[in-house]
K.L.:
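Input: one structure, supplied below.
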Amino acid sequence: MAADTRGLTAPADTGLTVRVRDLTRSFGERTVLDGVDLDIARGEFVALLGRSGSGKSTLLRALGELDPDVTGGGEIHVPRERAVVFQDSRLLPWTKVLDNVTLGLTGPGAARRGREALDEVGLAGREKAWPRELSGGEQQRVALARSLVREPALLLADEPFGALDALTRLRMHRLLQDLCARHRPAVLLVTHDVDEAILLADRVLVLDEGRIAVDIPIEQTRPRRHGDPAFLHHRERLLTALGVDTDRNQQEDTNR
Ligand code: ADP
Ligand code: MG
């Protein structure tokens, strides 16, 4: 039986934007999500780590209601106002940048709001460009503008910076932090990058064996620095949870 998630929001008095209980998803014999429980508070930024194939995208797709076959013995509450960003910007190639941002928006203010969103991501003046005329990083910024122009209560992002070079990724981290500080959506950011998770999130989760195996709040003030003892402590703990041998990594680092 498909879980009924249509238009349900978490009860207002809980302060939650997402509330999931006992979410299960199997492909044939293989159970990928095995009774996931997840709460995301209003405006909270949660990063989700996990090994490749651990079910991160499957979970994100379930929250985005992109997976009709997901089952939940319990509950899935997600807000109606959601936006999803993927690794690939998924812009329509035959539609100019501004129209990509405002696609589906109605009302007299749509173009103005689209222009403001482009301005916020640093792309003022590129409204009439075709997606192919933009770099990969710029295309992802258009994808962010397209999400935020709808003022979502929940932003779902599946490795949105995974295809970008390191320098562009750093700039995108800063941009995403600024946008989130301004718009305050709840965020679920799927990433395989432990540092990205600790830099950005209020809370970092690790998905393992179909469940949330680790759930750590990151309390350091922002901007966070890689060298801080608290940062290194979280990093080690998360790498261990991901099955990475941190002693060996440190050895390799010092040998470099
Ligand atoms: P992750 O995003 O953590 O790398 P995914 O959620 O994409 O992992 O996939 C988890 C597991 O589910 C993988 O083993 C993958 O092959 C399997 N899977 C995902 N989608 C499908 C599908 N539509 N059909 C069959 N297997 C799938
Ligand atoms: Mg994935």
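Atoms within a ligand are numbered from 1 in the order they appear, just like the ligands themselves. Just so you know, these numbers come straight off a predicted model, no measurement behind them.
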K.L.:
Any luck finding a side-chain donor-acceptor pair between D165 and T168 under 3.5 Å?
P.N.:
yes
K.L.:
Using a cut-off of 2.8 Å, find all protein N, O or S atoms closer to the Mg ion (ligand 2) than that distance.
P.N.:
S57 OG
K.L.:
Does I218 reach the side chain of R203, with side-chain heavy atoms less than 4.5 Å apart?
P.N.:
no
K.L.:
What does the N/O contact table under 3.5 Å look like for ligand 1?
P.N.:
| from | atom 1 | to | atom 2 | distance (Å) |
| --- | --- | --- | --- | --- |
| ligand 1 | 2 (O) | S57 | N | 2.9 |
| ligand 1 | 2 (O) | S57 | OG | 2.9 |
| ligand 1 | 3 (O) | S54 | N | 3.2 |
| ligand 1 | 3 (O) | S54 | OG | 3.4 |
| ligand 1 | 3 (O) | G55 | N | 3.0 |
| ligand 1 | 3 (O) | K56 | N | 2.9 |
| ligand 1 | 3 (O) | K56 | NZ | 2.9 |
| ligand 1 | 4 (O) | G53 | N | 2.7 |
| ligand 1 | 6 (O) | S57 | N | 3.4 |
| ligand 1 | 6 (O) | T58 | N | 2.9 |
| ligand 1 | 6 (O) | T58 | OG1 | 2.5 |
| ligand 1 | 8 (O) | G55 | N | 3.3 |
| ligand 1 | 14 (O) | R30 | NH1 | 2.2 |

K.L.:
Regarding E81 and R150, does a basic nitrogen lie under 4.0 Å from an acidic carboxylate oxygen?
P.N.:
no
K.L.:
Tell me if the CZ atom of R174 is crowded by more than 12 foreign heavy atoms within 6.0 Å.
P.N.:
no
K.L.:
Give me the one residue out of M172, R171, H173 that meets side chain to side chain contact (heavy atoms under 4.5 Å, CB included) with R169.
P.N.:
H173
K.L.:
Answer whether the closest heavy-atom distance between the side chains of L207 and L33 falls below 4.5 Å.
P.N.:
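They are in side-chain contact.
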K.L.:
Quick one: list whatever passes salt bridge (charged side-chain N to carboxylate O under 4.0 Å, His left out) with R51, sequence neighbours left out.
P.N.:
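Residues passing salt bridge (charged side-chain N to carboxylate O under 4.0 Å, His left out) with R51: none at all.
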K.L.:
Run the numbers on K56 and D158 for salt bridge (Lys or Arg N to Asp or Glu O under 4.0 Å), then give the verdict.
P.N.:
CA-CA 8 Å; K56 303 182 295 298; D158 194 349; over 6 Å; no
K.L.:
In chain order, what residues pass the salt bridge (charged side-chain N to carboxylate O under 4.0 Å, His left out) check against E138, with sequence neighbours excluded?
P.N.:
R126
